[in-house]
Amino acid sequence: MNSKYNFQYFQGSSLSDLFAEDITDASYGFILNYPATASWAAYPNLKKYFIQDGSSEATKTSFDKICQKEPWKILAVLGDRIPPIVIIPPPKSLLEYWQEHFGFSYSNRSMMDRLTYLDDLSHSEYFDKLITLFPFDHLKREKHAIDSDTHYRLLSKVTLAELGVQCPKYESYNLHTCSLEDIQLPQFPYLIKTSHGLSGEGTYIIKSLSDLNYCLEEIRKYLNIKLLDKIIVSEFVKNEVQNYCVQFYVNKTGEITLIGTTRQLVTPEGNYLGGLIDYHNTDMSKFFEMIAAIGQYAHKQGYFGMIGFDVLEDQDGQFYAIDANFRVNGSTPLCLQRHILLGQGKEIAKYSSDYRMEGTLDSILVTLKPELDRKDLIILSALEKVKYGKIYTEIYAIVTGETIEEMQHIEHKLQNKGLQWLP
């Protein structure tokens with residue numbers, strides 16, 4: 001262990017237990033969903049806190065992902081000490097499954113109208129502060145638990161070099177004062193990133209002229225719809241051997257609690273598929289210097305809450321932070337299962353948002369009941385869809401095992417029962 005630091009693992013399994021000591025000074029709520037910029041959004045972030053969630057209406061992040069699947073995944077592990085702001089309730093059968101598996105009551109949910117919720121919260125006498133994944137243009141600044149300008153700056157790709165950790169060399173450009181044509185680009189390969197891309201959107205790996213042309217076309221679209229101010233041009237980390245997401249919590253006094261480290265599953269294009277974790281054999285001490293630096297920086301900015309930073313390890317054993325997310329991360333619910341699963345002898349688990357199975361959620365809960373009861377499979381989110389008259393269910397889930405081989409065997413058995421992984 002790195003004896004300079006005495007960081008300890010979180011002993012609970014819910015987000016609200018993590019936040020508990022930091023929310024005693026006021027009445028807090030947790031907004032589960034991101035803001036959006038699509039035409040369906042009742043409160044689009046089009047004024048100040050730009051988010052790159054698709055350069056055209058056809059490519060915008062979908063309503064069901066923003067308002068249903070992603071929020072429900074957080075709701076599953078939120079716990080009962082912070083009221084969640086729910087704009088679309090999860091299916092009754094999913095809620096009942098969560099109650100049985102996670103042991104939370106989910107009785108403190110604050111149901112709000114999707115068309116009025118930010119106005120209602122801005123003028124609410126019940127909620128003093130709202131914890132968010134991203135600042136909202138249409139929520140009063142003083143209602144944000146983290147100052148909204150500060151949070152937006154922390155979430156920017158431009159801020160990475162300020163965190164005090166090794167990262168790839170990059171240059172940032174304000175596209176209102178610098179034209180795309182004037183930017184001096186390095187030799188292939190390199191990356192271009194928009195400042196606030198959502199879930200991999202706005203990150204472009206440039207290995208050829210066609211990659212560059214596509215990227216510039218996308219950036220011009222963002223500029224045309226006035227949803228982009230800054231980009232970065234970053235060097236490409238070569239000879240990568242591992243891709244990690246390191247997660248921890250920093251409280252209001254600056255103390256750090258370890259949450260976990262996942263190995264990230266990504267496509268060659270850099271799109272996130274999920275995470276793999278070894279609860280027993282992951283040594284987080286190799287990241288302690290980075291955790292301490294980022295935690296200290298965040299605390300000085302007045303931030304408290306979850307932090308997840310992505311790290312590439314090269315073949316020489318060098319670590320490069322390539323992104324830092326000052327919010328609940330995609331694989332945070334996976335990390336939070338640590339004590340529950342270790343208590344059952346399960347050391348390995350994999351999270352993915354790309355499972356699918358034919359049939360209704362109710363029928364799937366029956367078909368997979370033996371695996372669910374054994375916690376071979378944990379469902380975090382599920383949404384029924386219809387295609388060509390057939391019902392199927394999209395599922396965010398965790399597959400577990402005592403070893404990697406057993407987990408793969410369980411995954412194979414689940415595939416034989418009809419659970420498909422569609423990366």
Quick one: ring pair (Phe, Tyr, Trp, His ring centres under 6.0 Å) partners of [X], sequence neighbours excluded?
X	answer
Tyr97	His101
His138	Tyr43
Tyr173	none

Does a sphere of radius 6.0 Å around [atom1] in [X] hold more than 12 heavy atoms from other residues, nucleotides or ligands, not counting ones at 6.0 Å or beyond?
X	atom1	value
Glu21	CD	no
Gln187	CD	no
Glu358	CD	no
His412	NE2	no
Tyr214	OH	no

May I have all residue pairs that pass salt bridge (Lys or Arg N to Asp or Glu O under 4.0 Å) and include part of [range], sequence neighbours excluded?
range	value
residues 392-403	Lys69-Glu394, Arg356-Glu394, Lys385-Glu394
residues 91-106	Lys92-Glu96
residues 149-159	Lys48-Asp149, Arg141-Asp149, Arg153-Glu162, Lys157-Asp323
residues 411-423	Lys350-Glu411, Glu371-Lys417

(message) By the side-chain hydrogen bond (donor to acceptor under 3.5 Å, both in side chains) test, which pairs, at least two apart or in different chains, include something from residues 332-343?
(response)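 Of all non-adjacent pairs touching residues 332-343, those that pass side-chain hydrogen bond (donor to acceptor under 3.5 Å, both in side chains) are Gln247-Thr332.
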(request) Hey, could you give me each pair passing side-chain hydrogen bond (donor to acceptor under 3.5 Å, both in side chains) that has a residue in residues 197-207? Not counting sequence neighbours. (result)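 Residue pairs with at least one partner in residues 197-207: Glu201-Tyr222.
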(request) Quick one: do Ile277 and Cys335 satisfy side-chain contact (heavy atoms from CB on, under 4.5 Å)? Show the steps, please. (result) CA-CA 8 Å; Ile277 195 165; Cys335 295; 4.1 Å; yes
(message) Set out, in order, the CA-CA distance, both residues' side-chain angles and the distance that settles ring-ring contact (aromatic ring centres under 6.0 Å, His included) for Phe319 and Phe287, then state yes or no.
(response) CA-CA 9 Å; Phe319 295 115; Phe287 303 115; 5.2 Å; yes
(message) Let's go through Ile259 and Asn329 carefully: what are the C-alpha distance in whole Å and the side-chain angles of both, what is the deciding distance for side-chain contact (heavy atoms from CB on, under 4.5 Å) to 0.1 Å, and is it a yes or a no?
(response) CA-CA 11 Å; Ile259 308 300; Asn329 284 239; over 6 Å; no
(message) Pair Ile348, Leu276 - check side-chain contact (heavy atoms from CB on, under 4.5 Å), show working.
(response) CA-CA 8 Å; Ile348 310 292; Leu276 183 69; 4.3 Å; yes
(request) For the residue pair Phe7 and Phe288, categorise the inter-ring angle as parallel (less than 30°), tilted (30 to 60°) or perpendicular (more than 60°). (result)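 It falls in the perpendicular class, over 60°.
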(request) Look at the rings of His151 and Tyr303 and say which category their plane angle falls in: under 30° parallel, 30 to 60° tilted, over 60° perpendicular. (result)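 Tilted.
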(request) Not counting sequence neighbours, which residues clear side-chain contact (heavy atoms from CB on, under 4.5 Å) with Thr253? List them please. (result)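 Applying side-chain contact (heavy atoms from CB on, under 4.5 Å) to Thr253 gives Asn251, Glu255.
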(request) Not counting sequence neighbours, which residues clear side-chain contact (heavy atoms from CB on, under 4.5 Å) with Gln296? List them please. (result)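 Result, side-chain contact (heavy atoms from CB on, under 4.5 Å) vs Gln296: Lys300.
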In a table with atom names and distances, give each donor-acceptor pair under 3.5 Å that connects a side chain of residues 230-239 to protein atoms at least two apart or in another chain.
residue, atom, partner, partner atom, Å
Glu235, OE2, Lys169, N, 3.2

(request) Give the intermediate values and the outcome of side chain to side chain donor-acceptor pair (under 3.5 Å) for residues Gln301 and Thr150. (result) CA-CA 7 Å; Gln301 307 303 309; Thr150 300; 6.0 Å; no
(request) Apply the test ring-ring contact (aromatic ring centres under 6.0 Å, His included) to residues His196 and Tyr152: give CA-CA distance (whole Å), side-chain angles for both, the deciding distance (0.1 Å), then the verdict. (result) CA-CA 9 Å; His196 292 84; Tyr152 188 64; 3.8 Å; yes
(request) Determine, step by step, whether Thr116 and Asp120 satisfy the side chain to side chain donor-acceptor pair (under 3.5 Å) criterion, reporting the C-alpha distance in whole Å, the side-chain angles of both residues, the deciding distance to 0.1 Å, and the verdict. (result) CA-CA 6 Å; Thr116 63; Asp120 295 341; 2.9 Å; yes
(request) Show the numbers, then the answer: is there a salt bridge (Lys or Arg N to Asp or Glu O under 4.0 Å) between Asp376 and Lys346? (result) CA-CA 9 Å; Asp376 291 346; Lys346 294 175 177 289; 2.7 Å; yes
(message) Just to verify, which of Tyr28, Tyr249, Phe10 counts as forming a ring-ring contact (aromatic ring centres under 6.0 Å, His included) with Phe19?
(response)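 Between Phe19 and the candidates, ring-ring contact (aromatic ring centres under 6.0 Å, His included) is satisfied uniquely by Tyr249.
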(message) Quick check: closest heavy atoms across Leu227 and Asn45, and the distance to 0.1 Å?
(response)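 Scanning both residues completely, I find the closest heavy atoms to be CD2-O, 3.8 Å.
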